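Notes follow once the structure below has been shown.
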Amino acid sequence: MGGPRGAGWVAAGLLLGAGACYCIYRLTRGRRQGDRELGMRPSKSAEDLTDGSYDDVLNAAQLQKLLYLLESTEDPVIIERALITLGNNAAFSVNQAIIRELGGIPIVGNKINHSNQSIKEKALNALNNLSVNVENQIKIKIYINQVCEDVFSGPLNSAVQLAGLRLLTNMTVTNDHQHMLHNYITDLFQVLLTGNGNTKVDSSFLSLYDSHVAKEILLRVLTLFQNINNCLKIEGHLAVQPTFTEGSLFFLLHGEECAQKIKALVDHHDAEVKEKVLTIIPKI
């Protein structure tokens, strides 16, 4: 199917389809929450920060306390609560960098090997939020093989499997790490063809191609279309037979409605969006 590079494109297209809605949800959620003023409260212990009553964004000192707690405790309840708190705070771009600078990525990453499936899921969720930052991806990529093994060996539609797919989605939005997935193409097809509705996208997804949608989201969904198109047509040759199940992401993105929406974006006010559209239109 075009060698490792071509297989990487196929993997990226499939993974983006499985997790696109979640990525966009995280992007918009992070933006809304990021607009809040960073509230300050009296200093609290690391365990207090995980009890659910502290709803402000944590600062660097508090994040350091939390990371130390996560690294030093063996209590599964505290570990899970700490991962949830870290994951929530990693939705903010400033904290994504701080956690990396504090050495937090390997501390969180080590928890994906935990025997407790709930802890494994929370660690994957935290890494998923951290992976939105491109610099963080350089450190997170060392966990890709382990995540793939967990995704494809675990129960179908399990929380761990879906969390792993979301992380792999973020890690394959660009071309930098797609080649790391070429050994898992068969497994990806199996998961995405047999999984339940959590790995599929309904027709409302096409509303994300409307001109009023935020620039960051438009660029992401346009990249999604571009990557899937690349995986179907490699070097000008048909790579995959274009027979798509009605209601699937492939069916939606290769339908007339999506084509019309993308063509309409050629008049978008943002130059970057317009440039992206102009590169896509000849391939529609």
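All figures in this text were calculated on a predicted structure; none of them were measured in a lab.
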key: Stepwise side-chain contact (heavy atoms from CB on, under 4.5 Å) check, K215 with L219   = CA-CA 6 Å; K215 170 186 172 180; L219 289 174; 3.7 Å; yes
inquiry  = Quick one, Q226 with K276, criterion side-chain contact (heavy atoms from CB on, under 4.5 Å). Give me CA distance, side-chain angles, the key distance, then yes/no.
reply    = CA-CA 9 Å; Q226 196 171 37; K276 174 74 79 172; 3.1 Å; yes
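At least one donor-acceptor pair under 3.5 Å links the side chain of N136 to the backbone N or O of Q96. Side chain of N95 to backbone of I98: no donor-acceptor contact under 3.5 angstrom is found. Within the 3.5 Å criterion, the main-chain N or O of V57 finds no donor-acceptor partner in the side chain of N89. In this structure, the side chain of Q137 engages the main chain of S131 through a donor-acceptor pair within 3.5 Å. Using a distance-only test at 3.5 Å, with no hydrogens or angles considered, no donor-acceptor pair links the side chain of T73 to the main chain of L69.
Contacts of E256 classified as side chain to side chain donor-acceptor pair (under 3.5 Å), with partners at least two apart in sequence or in another chain: Q260. Residues meeting the side chain to side chain contact (heavy atoms under 4.5 Å, CB included) test with V213, sequence neighbours left out: D210, I217, L218.
The line from CG of N110 to CD1 of I107 is 8.0 Å long, rounded to the nearest 0.5 Å. To the nearest 0.5 Å, atom CG of residue L58 and atom CD of residue Q64 are 12.5 Å apart. Here the CG-CG distance, from N170 to L165, works out to 12.0 Å after rounding to the nearest 0.5 Å. Distance OG1/T85 to CD1/I78: 11.5 Å, rounded to 0.5 Å. The OG1 atom of T223 sits 8.5 Å away from the CZ atom of R220 when rounded to the nearest 0.5 Å. With values rounded to the nearest 0.5 angstrom, L66 atom CG is found 12.0 Å from E71 atom CD.
In terms of heavy-atom proximity, P106 sits nearest to Y143 at CA-OH, 3.2 Å. Here the closest non-hydrogen pair linking L265 and S211 is CD2-CA, 3.7 Å. Closest heavy-atom contact between E80 and K122: OE2-NZ, 3.1 Å. Contact record, G109 with L127: CA-CD1, 4.0 Å, taken as the closest heavy-atom pair. When all heavy atoms of A90 and A126 are compared, the closest pair comes out as CB-O, 4.4 Å. In terms of heavy atoms, I144 sits closest to M171 at CD1-CE, 4.0 Å.
Note: the hydrophobic cluster containing L63 does not contain Y68 (ILVMFWY, side chain heavy atoms under 4.5 Å, direct or indirect links). Put simply, I84 and F92 are part of two different groups of oily side chains (I, L, V, M, F, W, Y) that touch within less than 4.5 Å, one to the next. The cluster map of Ile, Leu, Val, Met, Phe, Trp and Tyr, joined by side-chain heavy atoms under 4.5 Å apart, puts V77 and I79 in different clusters.
Within 6.0 Å of atom CD in Q117, more than 12 heavy atoms from other residues, nucleotides or ligands are found, so the atom counts as buried in its surroundings. Open room surrounds NZ on K139; 12 or fewer heavy atoms of other groups in view lie less than 6.0 Å from it.
Q146 places a side-chain heavy atom less than 4.5 Å from the side chain of I112. L70 has its side chain within reach of K111: a pair of non-hydrogen atoms, C-beta onward, lies under 4.5 Å apart. Within the 4.5 Å cutoff, side-chain heavy atoms of K120 are placed close to those of D150. Annotation: side chain of L222 is in contact with side chain of Y209 (closest heavy-atom distance under 4.5 Å). Contact of the N145 side chain with the E149 side chain is not registered, since no non-hydrogen atoms from C-beta on lie closer than 4.5 Å. At least one side-chain heavy atom of I140 sits less than 4.5 Å from a side-chain heavy atom of L167. With a 4.5 Å cut-off on side-chain heavy atoms, L67 and L86 count as touching.
Counted by atom type alone, N128 and R166 present zero donor-acceptor pairs between their side chains at under 3.5 Å.
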